[in-house]
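Read the structure below first, then the notes.
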Amino acid sequence: MGILEVKDVNKRFGGLKALSDVNLSVQENTVHAIIGPNGAGKSTLLNCLVGKLIPDTGSVMFDGKSVLGRKPFEINQMGISRVFQTPEIFGNLTVMENMMIPLLAKRDGAYRLHAIESIDHEKDLVETAEQMLKDVNMIDKRNMHSASMSRGDKRRLEMAMCLVQNPKLLLLDEPTAGMARADTNNTIDLLKEIKATRDITIAIIEHDMHVVFSLADRITVLAQGTPLVEDLPENIKGHPKVQEAYLGEAH
Amino acid sequence: MSAAALAPVLQKLYGNERSAYHLTADYTWGWTQQESIQAATEALGWKTVNNVLTPLAQTDFSSYIAPVLNSGADVLVLNHYGGNMVNSLTNAVQFGLREKQVNGKNFEIVVPLYSELMAKGAGANIKGIVGSQNWDWKLEDEGTKAFVKSFGTKYGFPPSQAAQTCYAQAMLYADAVERAGSFNPCAVAEALEGFEFDGLGNGKTLYRADDHQCFKDVLVVRGAENPQDEFHLVEIVEVTPVGQVTYAPDHPMFAGGELGQCNPGA
Amino acid sequence: MGSFILQILNGLDKGSAYALIALGLTLIFGTLGVVNFAHGALFMIGAFCAVTLSRMLSLSFEEVDPTKTDFLGQPLVVKTPYVYDWFGPEAGAAIIDWAVPLAILMAIPIMIAIGFIMERGLIKHFYKRPHADQILVTFGLAIVLQEIVKANFGANPVPTPAPTAFQGSFDFGIWLGFDPNIIIYPYWRMVYFAFAAVIIGGVFAFLQFTTFGMVVRAGMADRETVGLLGINIDKRFTIMFGLAAAVAGLAGVMYAPINSPNFHMGMDFLVLSFVVVVVGGMGSLPGAVLAGFLLGILESFASMNEVKSIIPGIDQIIIYLVAIVILLTRPRGLMGRKGVMED
Ligand SMILES: Nc1ncnc2c1ncn2[C@@H]1O[C@H](COP(=O)(O)OP(=O)(O)OP(=O)(O)O)[C@@H](O)[C@H]1O
Ligand SMILES: [Mg+2]
C-alpha cells in the first residue's frame with residue numbers, strides 16, 4: 001500500500017474527459033514523477049488530490065484515509081502541501097508574511113486563531129521561516145513585497161512556503177518552470193537534500209527531463225487523461241509508448 | 001398664514017430689530033412658507049440676511065448651520081418640516097446657537113410650523129423655540145376634549161396633531177361624499193368648496209372656494225422649558241383668531257393662478 | 001478663510017461617518033466578496049443600541065401621586081428611574097446622562113453577534129450566487145431589520161442626547177486667532193471625528209500588525225490558496241463580518257446624539273456609502289477611508305453659500321456628480337485594484 005492511493009478516478013469538464021480511470025500508487029518516502037504532454041490532465045489530477053477539484057468517480061486515499069469530501073484546508077492539515085503550476089502567493093504581503101501563513105496553519109491547525117499576537121512576537125515561527133528562506137537563498141528578500149518579485153523568485157517562495165510546513169506528501173506542479181538554469185539546479189539540490197534528511201514523499205509534475213531524471217524514483221506517464229506506463233526512470237527513457245505519447249499521436 | 005399669526009408674537013418676544021437667516025426646505029411648501037415668514041417679519045422691521053435652500057433629502061444640516069453665526073444674523077428661521085426640522089433644529093442647538101450672543105442680543109431660533117410629534121423627535125432642543133401649530137391636544141374646546149378622551153383612553157397618550165388631522169380629514173371626506181351623494185372626486189371637491197364647519201377641534205373652519213385654502217385659528221406655541229411630562233413639550237402661547245390670518249384670494253404672494261378644470265381621473 | 005476652515009472641519013466630521021460605514025462595507029466585500037446592502041441597517045441598529053441602553057437606564061418604577069392628575073384627569077403616575085433609587089438621584093442622573101458612551105460597551109457584543117448570525121444564517125448561502133442575488137437578499141434583510149426596529153421603537157426619531165459635558169460647541173476660531181463665532185464646532189462632533197479616527201486606525205493596525213490580520217489580508221488576496229495552505233479562512237471571514245458589523249454599529253451608537261435615530265437612517269446612509277466605496281475603489285480599505293473623507297469635504301464645500309450662488313443646487317448632486325466623473329475617468333475608483341468585480 002502506498003501513502004497515496006488513487007483508484008479509478010474520472011473527471012469531466014463538460015464534454016472533455018480530462019481524467020479517465022486513473023490509478024496511481026505513490027510509495028512512502030519516494031519521489032514519484034508524473035510526466036506527459038500538455039493537456040494530459042496532470043494538473044487536473046493534482047487538483048483532485050488537494051480538494052481544489054472533486055473527481056466525478058473514484059477514490060483518493062492518503063495515509064489510509066479518504067481525501068474526498070474534505071475541504072482543502074483539512075487536506076492540508078492531513079499533511080499534503082502543494083506548489084502550483086502558476087505561482088500562487090500573496091502579492092500584497094511581504095515575503096516573510098507569506099512564509100508565516102503556512103507556518104501558522106501548521107502550528108495552530110486550521111481553526112485555532114492567534115489573534116492579537118503581533119507578527120514580531122511569533123519568534124519561533126519567524127526563526128523557522130528565516131531558516132527556510134536561507135535554504136532557498138531568499139533571506140535578503142525577506143521584507144520585499146512579493147508581487148514585485150521575478151517569476152522564478154515567486155516559485156522559490158512558493159516552494160519554501162510548502163516545505164516549511166514539513167508535509168508528509170509534497171505535490172509539485174512544474175516547480176522549475178520559468179526558473180533560470182542555476183536556480184533550477186539549486187532547486188534540484190534542495191529537493192535532494194530534503195529527500196535525504198526528511199520523511200517526505202514527493203509527487204512531481206515536470207516537463208524538464210533533467211529535473212525528472214535527477215530526482216524521480218518512479219515515473220508515471222499520463223496521456224489524454226489515462227496513465228500509459230508506470231516504471232523505473234531507466235525503463236521509461238526509451239519506452240515506445242512514451243515516445244508515441246510525446247509525439248502526440250492519437251492513442 | 002402661520003406667518004401672520006406668528007409675527008405679533010415674534011415682535012413681542014424678540015423686538016423689531018432683528019436679522020434673520022433662513023434655512024428652507026427646497027420644495028414648494030418650503031418656498032411659500034419662507035416667503036410668507038420673510039414678508040411678515042420684514043413688515044415688523046426685521047432684516048433678512050440670507051435664505052439658503054437645503055435638499056429635501058438632507059439628514060445632516062451641519063454644513064448649512066455652521067456659517068450662520070458668522071453671517072451677522074441673530075435669528076435662525078428653520079423653514080423645515082418633519083424629519084428635516086427635527087434634524088436641523090438638533091444640529092442648530094448642537095452648534096450652540098442658543099447660547100450665543102450676536103449684535104448684543106440673544107441668538108434665537110424660530111420654526112414657523114411644527115407639531116408635538118416633531119417636538120418629541122427634537123427632544124430637549126425644542127425648549128423655548130417659538131412656532132405655530134394647527135391644533136394641540138391641550139385646547140379646551142369640546143371637540144378637542146372628546147377626541148383626546150377617546151384617543152387617550154385607547155392608546156395611553158394624547159393624540160398628536162397628525163392624529164387629529166387624519167381623523168378630522170376622514171370625517172370631512174365622509175361628510176362631503178354623503179352631501180355630494182357621490183364618490184366622484186369632482187363632486188366631493190364641489191361639496192367642500194366654501195364649506196364651513198366647526199366642532200372638530202380647530203374652531204370655525206372655512207375651505208374657501210376661490211383658492212381652496214383652509215382658514216381657521218392658528219396656535220402660536222413654544223417649547224416648554226420645564227415640561228411636566230413627555231406630553232407637555234409644547235405650550236400654547238396664543239391662539240391667533242382666524243380674522244388676523246385671512247388674506248384676499250388675489251394676495252400677490254399666495255395667488256397660485258387659476259384652479260383649472262376638475263379632472264375626475266380614470 | 002474662516003468659513004473655508006469651518007467647512008473642512010465639517011467635511012472631516014461628515015466624512016467620519018461615511019468612512020466608518022464604507023470601511024465596514026469594504027471589509028465585507030474584500031473578504032467575503034458580498035455586496036452587503038444591509039450595512040446601513042447595521043449602522044441604524046447601532047444607533048438603536050444607544051436608544052435601548054438609555055431606555056434601559058431610565059427604566060422606572062411607578063408611583064401614583066393623588067395630588068396631581070394626568071391629561072385624562074386621572075391621578076398622575078410618577079415615574080422614578082431605578083438608578084435614582086439605587087445610586088442616589090445625582091449618580092443616577094449622571095449614569096443616564098452618559099448612556100451613549102456606555103452604549104459602546106453594549107453595542108460591541110451585540111453587533112458582533114448580529115454579524116455572526118447574519119453571515120452564518122443567511123449570507124453564507126449566497127456566496128456562490130451572482131452579485132445581483134446577494135444585493136437583493138441583503139437589501140431585503142435591510143428592510144426586514146428596519147421594520148423590526150420600527151415595530152419596536154416607532155417611526156419617529158428618538159432624541160438621544162450626548163452627555164451634558166459634550167453639549168454645546170467650541171470656538172476654534174479664537175484658538176486659531178480669529179474673532180469669536182467664526183469657527184465654532186460642536187464638541188460631540190469633534191468627539192465623533194476622534195472616535196472615527198481611533199476606530200479606523202484600530203482596524204488598520206489590527207490588519208497590519210497582528211497575525212490574524214495578516215491571514216485575513218492573505219485571504220482577501222486569494223481565498224482559495226489560504227485554504228490550500230491549511231487555514232480555515234471561512235471562520236476568520238465570519239469574524240471579519242462580525243468586526244465590520246461592530247464598526248458600523250459603533251459608528252451608529254456615536255451618531256445617535258448628532259441626529260435623533262430613526263428606523264430609516266440606515267437607508268439614508270446606504271446609498272452614500274456605496275458611492276464612497278465606488279469612488280474609493282471596490283475592495284480597497286484605504287480607498288474607502290480616503291473617499292469617505294473626501295466626499296464629506298466636497299459635500300461641505302458644495303453647501304457653502306458662495307458655491308451655491310454660482311451653481312445653485314450643486315449641494316444636491318455633488319456626490320453623484322463625483323461618482324459619475326470617477327466612473328467615467330477611473331472606473332476602478334481612486335485606489336481600486338484590477339479584476340475586482342470585473343468577471
Ligand atoms: N477548469 C477547467 N475547465 C475546463 N477544462 C479544463 C479545466 N482545467 C483543465 N481543463 C482541461 O483539461 C485538460 C487537462 O488539463 P491539465 O491542466 O490538467 O493539463 P496538464 O497535463 O497539466 O497540461 P500542462 O502540461 O500544459 O500543464 C486540458 O484540455 C484543459 O484544457
Ligand atoms: Mg498543468
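Order of the sequence lines fixes the chain letters, A, B, ..., with proteins taken first and strands second; residue numbering starts at 1 for each chain.
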Could you tell me which residues in residues 43-59 of chain A have at least one non-hydrogen atom under 4.5 Å from a non-hydrogen atom of chain C, sorted by residue number?
A:Val50, A:Lys52
Roughly how far, to the nearest 0.5 Å, is the [atom2] atom of [Y] from the [atom1] atom of [X]?
X	Y	atom1	atom2	value
A:Asn98	C:Met214	CG	CE	9.0 Å
A:Gln165	C:Leu229	CD	CG	6.0 Å
C:Ile231	A:Phe73	CD1	CZ	10.5 Å

Of the listed C:Ala221, C:Gly219, C:Gly227, the one with the largest count of heavy-atom pairs under 4.5 Å with chain A is C:Gly227
Which pair of non-hydrogen atoms, one from A:Phe90 and one from C:Asp222, has the smallest distance, and what is that distance?
CE2-O, 3.6 Å
Check whether any side-chain N or O of [X] sits under 3.5 Å from a backbone N or O of [Y] as a donor-acceptor pair, and report yes or no.
X	Y	result
A:Asn76	C:Leu228	yes
A:Gln77	C:Gly230	yes
A:Asn92	C:Ala218	no

Check whether A:Ile101 gets within reach of chain C through its side chain, its backbone, both or neither, counting any heavy atom under 4.5 Å.
both
Tell me, side chain or backbone of A:Glu97 under 4.5 Å from chain C's heavy atoms, or both, or neither?
both
